[in-house]
Amino acid sequence: MSENVIHLHKHSNPPAEPTTGDTAPTVLTVVPDAPPVRPVPLWVRSGRAVKTAVTHERTKSAGRAVVRHSLYTFNGGRIAARRAWDGRTGSRYERMIRAAEAAGNLEAAEEWEERLQRFRAARHHRRMDLLHSPVDAAKGVAVGAGMSVGVLVALGVVLAISTGQAGDVITPLAATIDFIALLIRIVQIVWGPAVTIGPFLALLALWSVGRKQHAAPQWALPANVRSGEGEPITPSIVVKALRDLGVPALARAIKEMGDAGASMLGPITIAGCGVEVDVMLPSGVSTNEVQGKRRKLAENLTRHEHEVFITIPQAARTVRLWIADSGALDEPIGPSPLVTDETMTADYKKGKAPWGQDLRGDAAALSLYQRHLLITGLSNQGKTVALRSLALWLSLDKSVQFLMGDLKGVGDWAMFDGLATTLIQGPTDEHVIQVTEMVESAVDEMNRRIQAPPGTTFPPLIVLVDEAQVAFMCPAKDEDKRPYGGSKANSRYFMAVRKIHNQGRAVNVLMWQGTQDPTNENLPKLVREGAHTRASLALGTESQARMALGDKAVDGGAAPNLLRPGLDRGTLVVASDGITIPAGQSSITVRTHYIDDDAATAITDRAKALRDGVTTLHAIEHKEEHDPLADIAAVIGDAPRVRTKDVLARLATRNPSAYGEWSFIDLKRVLDDAGAEPYKSDGVMVVSRDRVAHALANRDTDGSASAE
């Protein structure tokens, strides 16, 4: 027998007595009260339902449709009324006159004034004709009716003669009267429905006009119309975009011009993967007001921000808009000519490196002749590839020499092994020390070239340091406590770069640097301003853009901070006189060719084939200490004087590594500094033993030792 267990909640009524037939005893247990389930008020449930219905996408779509079609009809009426008013009055001509005057085009204003006068004269003649038209019309109707009746009677007479029935004389006239009566009956039948349906047909016509003009707010338009993707750029679209830019003076001026605001625009021309147009702003509107609203202007033109570029041409109060085709900038450009043309060579002095394409789709080539170079940008935006492509092209000129330091050290420059004279790769402080000594050796070479006789030509020497911010941020110091990094006067790397910037260009010793995320700490002001060619990939802020390109370029419209990190990889904003920049602009945007490691290796293999062979050093070799003045005294020996030519030959034999490349200039520099200048004897230059010995004695007395 099973038990019936009944759980009772406190304050609940006991169960009814078991009915007859219940044989199992009942066990009653009491459990604590459960939290009462409160019913949701009706008004709450109704509010939730209303909120859900209001926020539902179908409800939003229905609401947009109602607003859209209502405004189509209303604004269609406004458009039709405006067209009718323009057709009946001279308002169109007056708007064009105001537009021409606002644009300063007085010739166009005079032409429209003449057209307005002709329109008014023709309208006057029409109105004068209307004064006589009722009388003329009545006379015409009377004459026409009489002639018609006469023709019908004559036709009836002919018909009566033909049939022999006199009553046929009025048959044509009676038939005409019956036909007119039939037309009247048809009009009577149709008039009622036409009066009823006519207003609806008129509304339908107005709705059609509004729909074709998209006369509704953007948020109410269908998605395919609202997006505007691929919509061609027309004068009216540009004018509307400028009108809605949020510049009050500009909006007022365009409103006064009406649709003739297009007179502000120059010709819209195809420019590469987009179009270009110059906008002559009305009085009271400055160019920086438009520049500062680039995003809103792009959205008004149904474009993304990166698809609209605003620059300042030479003409006053004018902005130049370049508007890309939708999505065109996301498409890659073609391969580099360095890859496709295996016969290409380079010319350092007269040639230009094929770097990429500008926004118009034209080839962008950069001259590297006697120009220091700086490329900067955020990490992983294509800086190394852009810098390397220039070095790859220049490597095809066999006269060019390279000193390279890669402070990233991941093999991006490994293909230059066997091509560069020095190639140091690595990110450590020791690598920075090596790179610093490499740059200092370039300074010594620069000084040697400067002291050469006038007119001496020297092969180009490119000193290239990638990830240069590592060198500027290096905390290491030498044995004299001089820091390798930093931007102070005792910073070894900083001062070496500054010296090359100051004097290297004249003797073809050039400094190329690539650096990340420029700041005053990792890219000192004097260094970045010493570069003739400055280029920047995507950056984070406008202040960084000013550091990278300079105030002039940024004030002129350069905006690498508006490039999209990751999406615009390889796109550079360049400020340089070595590249063709449109007149009036201070910079140009270049989409660089991408050359991968395999293609770069193939190019350097071609470059190596042009040379006799280059032994690449992977570390700076420290020369043994030597004393040039003492060595000169030693090779002179006991002879009272020795020809300078013989002194150079004996020095080269004594220490080939130190004096093997010495010239008369090097020998003269050491002797002049010591006060033992060479002189002519019997028409040849000689070195005096006594002068050298006297210089050595004086130097040793002063306690100064010269070592190189």
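Remember, it's a predicted structure, so these values are computed and weren't measured experimentally.
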Considering all heavy atoms, the nearest [X]-[Y] contact:
X	Y	answer
Arg641	Tyr679	CD-OH, 3.6 Å
Leu537	Gly382	CD2-C, 4.0 Å
Gln401	Pro459	NE2-CG, 3.7 Å
Ile500	Met446	CA-SD, 3.9 Å

- Query: Just wondering, more than 12 heavy atoms not from Lys352 lying within 6.0 Å of its NZ?
  - Reply: yes

Are any side-chain N or O atoms of [X] and backbone N or O atoms of [Y], one a donor and one an acceptor, separated by less than 3.5 Å?
X	Y	answer
Gln425	Leu407	no
Thr616	Ala420	yes
Ser536	Val573	no
Trp322	Ala271	yes
Thr436	Gln434	no
Asp596	Ala599	yes
Lys499	Glu440	no
Asn522	Asp517	yes
Arg388	Ile595	yes
Asp397	Tyr348	yes

Rounding to 0.5 Å, atoms OG (Ser389) and CH2 (Trp355) come to a distance of 7.0 Å

Cut-off 3.5 Å, side chains only: do [X] and [Y] have a donor facing an acceptor?
X	Y	value
His694	Asp690	no
Gln357	Arg591	no
Gln469	Thr515	yes

- Please work out whether the ring planes of Trp662 and Tyr659 are parallel, tilted or perpendicular, with thresholds of 30° and 60°. perpendicular

Self-check item: Aromatic ring pairing His372/His501, orientation class (parallel under 30°, perpendicular over 60°, tilted between)
Solution: tilted

Hey, mind stepping through Arg606 and Met344 against side chain to side chain contact (heavy atoms under 4.5 Å, CB included) and telling me if it holds?
CA-CA 10 Å; Arg606 285 158 42 199; Met344 177 176 284; 4.3 Å; yes

In sequence, state the C-alpha distance, the side-chain angles, and the governing distance for Thr318 and Asp278, and then conclude on side-chain hydrogen bond (donor to acceptor under 3.5 Å, both in side chains). CA-CA 7 Å; Thr318 301; Asp278 283 356; over 6 Å; no

Taken in chain and number order and not counting sequence neighbours, the residues that satisfy side chain to side chain contact (heavy atoms under 4.5 Å, CB included) with Leu562 are Arg294, Glu305, Ala559

Check: Considering only heavy atoms from C-beta outward, does the side chain of Leu464 approach that of Trp413 to under 4.5 Å?
Finding: yes

Anything under 3.5 Å between a donor and an acceptor, one on a side chain of residues 574-582, the other on a protein residue two or more places apart or in another chain? List them.
| from | atom 1 | to | atom 2 | distance (Å) |
| --- | --- | --- | --- | --- |
| Ser576 | OG | Thr533 | OG1 | 2.7 |
| Ser576 | OG | Gly578 | N | 2.9 |
| Asp577 | OD1 | Arg371 | NE | 2.9 |

For Asp555 and Arg546: C-alpha separation, side-chain torsions, deciding distance, then whether salt bridge (charged side-chain N to carboxylate O under 4.0 Å, His left out) applies. CA-CA 9 Å; Asp555 292 338; Arg546 293 184 180 275; 3.0 Å; yes

